Amino acid sequence: MTDAEKTIREYTGAKIRIMEVCGTHTHEIFRHGIRKLLPENIELITGPGCPVCVTPVDFIDEALWLAERGITVTTFGDLVRVPGSEKNLAAARSTGAKVKIVYSPLDAVAYAAENPCEQVVFLSVGFETTVPAACLAVEHAKKAGLKNFSLLTANKTMPEAYGVLAGSAEAFLYPGHVSVITGTSLYETLKQRGISGVVAGFAAEEIIRAISVIVENFKKGEPFFENCYPNVVKAEGNPAAVRVIERTMTACDSEWRGLGIIPKSGLKLNETYEAFDARLKFEMPEIKGRANPACRCGEVLRGDCRPYDCPLFGKLCNTENPVGACMVSSEGACSAYFKYGIGK
């Protein structure tokens, strides 16, 4: 038994709820059977760690609105299966709408350049990790003089979300991927607001060590932050990625599935690039979606329930026939519970 495992197994204090804020952490915790190490007074709960999962129904309906008007919608694969109010993008494609899967935003720009008679929209959904690629795509399109390319944005940033979720857990397992871009200063700020957590890597021993660090710090009774992924996550983050976001995007209020509208937690194109904003370009009306009332994805994302508490889980909702976004995404909590089994 390692020292970290010993620290975890021998903990007998007050209950600690630890929220992992990264879908990859959720899957690795399941894959390595890490929950089996934990005593009953340490609980791991999932959070909003997947951009597809936190994208609201409204956004899917907006994408459908574009697709059904002859506009070519380009997107990553997961998003086409996320249900809108009535259907998903895959269903729209089956009835003739042009919905194209791409592997990067630059692929969408290239398609627009090759097809000047089509209006091409890329669905820009992501956290700090993937937003820079969408920003570079817009810069590239502007430089190339493309008039037929735009973004439909639902980008999210994490700092304000931690404040909303602060009551859901005693500490966060902060996402390594996002932290590579943002750096660690934001976590020091959260610590000053009484919000605790550690940045963790993704190998089993890294996750276990991070949990042990949370246990050791929690026992001291003070807010804390530690970077347990220092070889990859630096204090300064990735300045080049931050700069490209600052050149092209500006903060905005944003709706998160399950969390509602969080002020200044989104990113939209700034005035310099508003010609590439699909909502403005196509004079899109305000669209309000309707989520399936039986689906409990929102509660799962807040840590208020486990996926298996949802009446649809494993029955009407599974990875072949997802009803909720958390079952669609390969990083979703419901997908992880379904894939690895709820008892592990």
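A quick note: this is a predicted structure, and the numbers were derived from the prediction, not measured.
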For the ring pair Phe202 and His177, is the centre-to-centre distance below 6.0 Å? yes
Closest heavy-atom pair and its distance - Ile207, Glu28: CD1-CB, 3.8 Å
Would you please classify the geometry between the Phe149 ring and the Phe276 ring as parallel, tilted or perpendicular, with 30° and 60° separating the classes? tilted
Distance-only polar pair, side chains of Glu128 and Thr182, donor-acceptor under 3.5 Å: no
Contact summary for Ala278 and Leu66, nearest pair of heavy atoms: CB-CD1, 4.5 Å
Counting neighbours of NE2 on His32 that are heavy atoms of other residues, nucleotides or ligands and sit closer than 6.0 Å, is the number greater than 12? yes
Sub-3.5 Å donor-acceptor pair from the side chain of Arg296 to the main-chain atoms of Tyr308, do we have one? no
Polar side chain donor-acceptor pair, Glu226 to Tyr187, under 3.5 angstrom: no
Decide if the gap between the ring center of Tyr162 and the ring center of Phe172 is smaller than 6.0 angstrom. yes
In terms of side-chain heavy atoms, does Tyr340 have a donor or acceptor partner in Arg31 at a distance below 3.5 Å? no
Under 3.5 Å, is there a donor-acceptor pair linking the side chains of Gln119 and Lys147? no
Is a side-chain donor-acceptor pair under 3.5 Å present for Asp61 with Ser85? yes
Donor-acceptor contact below 3.5 Å, side chain Asp58 vs main chain Gly289: yes
Thr2 side chain to Glu5 side chain, donor-acceptor N/O pair below 3.5 angstrom: yes
